[in-house]
Amino acid sequence: MPQADIGIIGLAVMGENLVLNMESRGYTVAVYNRTPEKVDAFIQGRAQGKNIVGTKDLATLVGSLKSPRKVMLMVKAGTAVDEMIEQLTPLLQKDDIIIDGGNSYFTDTMKRQTFVESKGLRYIGTGVSGGEEGALKGPSIMPGGTPSAWPEVKELFQAISAKVGSNNDIPCCEWVGPNGAGHYVKMIHNAIEYADMQLIAESYFVMRELLGMTPQEMADVFAEWNKGVLDSYLIEITSHIFQKTDAETGKAMIDIILDKAGDKGTGKWTSQNSLNLGVPIPSIIEAVQARYISAYKSERVAASKAITSSAQKKSYDRKAFLQIIHDALYASKIMAYCQGFALLKVASKEYDWNLRFGSLALLWRGGCIIRARFLEEIKKAFDEAPDLDNLMLSPYFKDALSSMEANWRICIAESVLAGIAVPCFASAITYFDSYRTVDGSANMIQAQRDYFGAHTYERIDKSGTFHTEWLSS
Ligand code: NBP
């Protein structure tokens, strides 16, 4: 049997495509899948004639690998990963490496690394982004774990990752940090993706409801926007989505799809983690909540009949209002990144990861779902000020926000007046306004807390904690 460079476990869409990607870069890959028929189907199908070795049991898979052995799991996140680790550890030898390439929760990765290392092995938990096409052609890869494992996989991972730069030679794959750092960064990527998608959905909603635009007209707008500062994968696919026609009805596909959004949990994980760490990420949380409220379809339909609203739609100059929506989208998108990076900053300290924020932005320039032109600017912002508290303070984003601000406000105000729900837009501008407010309203919260619970407060004129007997005269 040939000595394979790596073993992959899990031949669903991601696993198969990653295997083909690795093989296409000159690596020999051994594969295993719990259901053995899938190994046969793969070997006789897409893997035929390639340097791919099918195996039907884990001992054979492990036996076919070069030392130190590298086994990568591409199985469903959760207990499947634990089961595979349990079965693999007795078969591996000192310094061999188990890699989890699924969407595992970062604290699970931390626990698994501790367990795997207790067996004398090494562990990598890596984010892999880009869906099935990315896995095949070049994903963004965000590895973290046992530091000494990185040099062992670096060449392979960087070879299969997406490339960017004028010579297309900068890999979208770099070591992120120890233990759960890779999976954490992938989780934040997904959370920003939630906000980005919701903001695009709200832009579409405003175009449809306020401007009465057709899918084809909106396709043209998004295609045009993709040539400017909004240039990104999600804007590009949005333009394509508007052009697709339903084969059965001949109608635009977007008009056929029910407005109930699903989710796989990474937005929820990020929201929960932000609450645990006390970091405000309102636009990301709103994007998750917007999916939840979308699922209340029958209640929404009933409420639309039961509740009459005084909201009124006006007529707008379409060209001018499209610029207004554009600016609202761009400014709100910046807020989503400000929040994502603010959370990364606190998490890096909390978990002792020493994350390099600019380098993370570069990982997302290609291959992944949030790939976008303006990630370069995020890199530059952190290069100029590595300890930047919030991205909105960097000169580039400060200028961008100030030029968009007026239109951003108009878009949200007009949508609210017209009764069009734009939760992510609204939370983004509220974050912007809250973050730059000197004297806010929390003094009232503190007064109330002290009134009913003697929770104490701080004063503006001297240090210390104070309590007032509110009912005494
Ligand atoms: P799925 O997440 O659908 O998982 C299917 C694979 O897991 C199959 O190979 C299946 O084997 C295996 N599996 C299951 Br289910 N339970 C198992 C168990 N107890 N023991 C061993 N194997 C088990 O596959 P996917 O969509 O290719 O995703 C793989 C990973 O990559 C996931 O963690 C996912 O979240 C992540 N990811 C997916 C995408 C995407 O776009 N799909 C993008 C980025 C990351 P079987 O054939 O025997 O059932």
Side-chain angles (χ1 to χ4, degrees), residues 7-22 29-43 45-47 52 54-62 71-89 91 98-109 112 124-144 157 160-162 172-173 176 180 182-194 197 233-234 237 262-270 363-364 366-371:
I8 301 282
I9 297 180
L11 292 177
V13 281
M14 292 297 286
E16 273 201 13
N17 283 343
L18 267 187
V19 171
L20 293 171
N21 182 353
M22 288 172 181
V29 189
V31 300
Y32 167 87
N33 192 77
R34 176 182 63 171
T35 308
E37 291 75 23
K38 289 199 185 157
V39 177
D40 291 332
F42 184 53
I43 295 295
R46 298 172 81 198
I52 296 173
T55 67
K56 299 283 182 63
D57 62 83
L58 289 174
T60 312
L61 176 89
V62 168
V71 184
M72 183 163 181
L73 309 176
M74 289 308 297
V75 299
K76 194 175 165 64
T79 53
V81 177
D82 293 308
E83 285 171 27
M84 292 317 304
I85 291 173
E86 282 285 344
Q87 292 171 45
L88 275 170
T89 44
L91 301 171
I98 298 178
I99 304 157
D100 172 18
N103 271 342
S104 293
Y105 190 52
F106 75 102
T107 54
D108 290 341
T109 302
R112 288 169 186 150
I124 291 178
T126 184
V128 178
S129 176
E132 57 182 299
E133 196 196 346
L136 182 65
K137 296 182 181 162
S140 164
I141 307 179
M142 297 150 252
F157 272 22
I160 64 162
S161 76
C172 295
C173 170
V176 171
H183 275 138
Y184 190 90
V185 165
K186 171 71 192 324
M187 179 183 84
I188 299 295
H189 163 283
N190 284 24
I192 293 172
E193 176 187 317
Y194 268 67
M197 290 169 70
Y233 172 72
L234 283 169
I237 67 165
D263 77 284
K264 280 197 164 176
T266 42
K268 180 179 78 179
W269 290 347
T270 310
L363 292 185
W364 297 337
C368 65
I369 305 299
I370 63 170
R371 59 186 182 257

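A quick note: this is a predicted structure, and the numbers were derived from the prediction, not measured. For ligands, and for the atoms within them, numbers begin at 1 and follow the listed sequence.
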### Query
Which residue owns the protein heavy atom closest to atom 29 (C) of ligand 1, what's the atom, and how far is it?
Met74 O, 3.6 Å
### Query
Can you name the closest pair of heavy atoms from Ser129 and His189 and give their distance?
OG-CE1, 3.1 Å
### Message
Quick one: does any side-chain atom of Asn33 pair with a main-chain N or O of Leu11 as donor and acceptor, under 3.5 Å?
### Response
yes
### Query
Do you know which two heavy atoms are closest between Ala77 and Asn103, and how far apart they sit?
CB-O, 3.4 Å
#### Entry: Closest candidate by heavy atom, reference atom 5 (C) of ligand 1, pool Ala12, Gly15, Ser140
Ala12
### Task
Using a strict cut-off of 4.0 Å, indicate which atoms of ligand 1 neighbour a heavy atom of Lys38.
46 (P), 47 (O), 49 (O)
#### Entry: Atoms of ligand 1 close to Gly10 [distance to a heavy atom under 4.0 angstrom, numbered from 1]
9 (O)
#### Entry: Shortest non-hydrogen separation from Arg46 to Asn17 and the atoms involved
NH2-OD1, 2.5 Å
### Task
Examine distances only and state if a side-chain atom of Asn21 and a backbone atom of Ala135 form a donor-acceptor pair shorter than 3.5 Å.
yes
### Query
Side chain of Thr55, backbone of Val31: donor and acceptor closer than 3.5 Å?
yes
### Message
Using a 3.5 Å cut-off on N or O atoms only, is Val128 in polar contact with ligand 1?
### Response
no
### Minimum-distance protein heavy atom relative to atom 21 (C) of ligand 1
Met84 SD, 3.4 Å
### Message
Can you report which non-hydrogen protein atom sits closest to atom 14 (C) of ligand 1, along with the distance?
### Response
Arg34 NH2, 3.6 Å
### Task
Check Leu11 against ligand 1 and report side chain, backbone, both or neither, counting heavy atoms closer than 4.0 Å.
backbone
### Top protein contact for atom 8 (C) of ligand 1, by heavy-atom distance
Asn33 OD1, 3.9 Å
## Note on the structure
Within the 4.0 Å heavy-atom cut-off, what Glu83 brings close to ligand 1 is side chain
### Query
Of all the non-hydrogen atoms in the protein, which one sits nearest to atom 22 (N) of ligand 1, and at what distance?
Val75 CG1, 3.6 Å
### Query
Any idea which heavy atoms bring Pro36 and Lys56 closest together, and the distance?
CB-CD, 3.6 Å
### Message
Under 3.5 Å between any N/O of Asn103 and any N/O of ligand 1: does that happen in this structure?
### Response
yes
### Query
Looking only at protein heavy atoms, which one is nearest to atom 4 (O) of ligand 1, and how far off is it?
Lys76 N, 3.3 Å
### Task
Give the minimum heavy-atom separation between Leu91 and Val62, together with the two atoms involved.
O-CG1, 3.4 Å
### Task
Looking only at protein heavy atoms, identify the closest one to atom 48 (O) of ligand 1 and say how far it is in Å.
Thr35 OG1, 2.5 Å
### For atom 27 (O) of ligand 1, closest protein heavy-atom neighbour
Met14 N, 2.9 Å
### Message
As an exercise, identify every atom of ligand 1 less than 4.0 angstrom from a heavy atom of Gly131.
### Response
41 (O)
### Closest non-hydrogen atom pair, Phe157 against Cys173
CB-SG, 3.7 Å
### Query
In Å and rounded to the nearest 0.5 Å, what is the NZ to CE distance from Lys186 to Met142?
6.0 Å
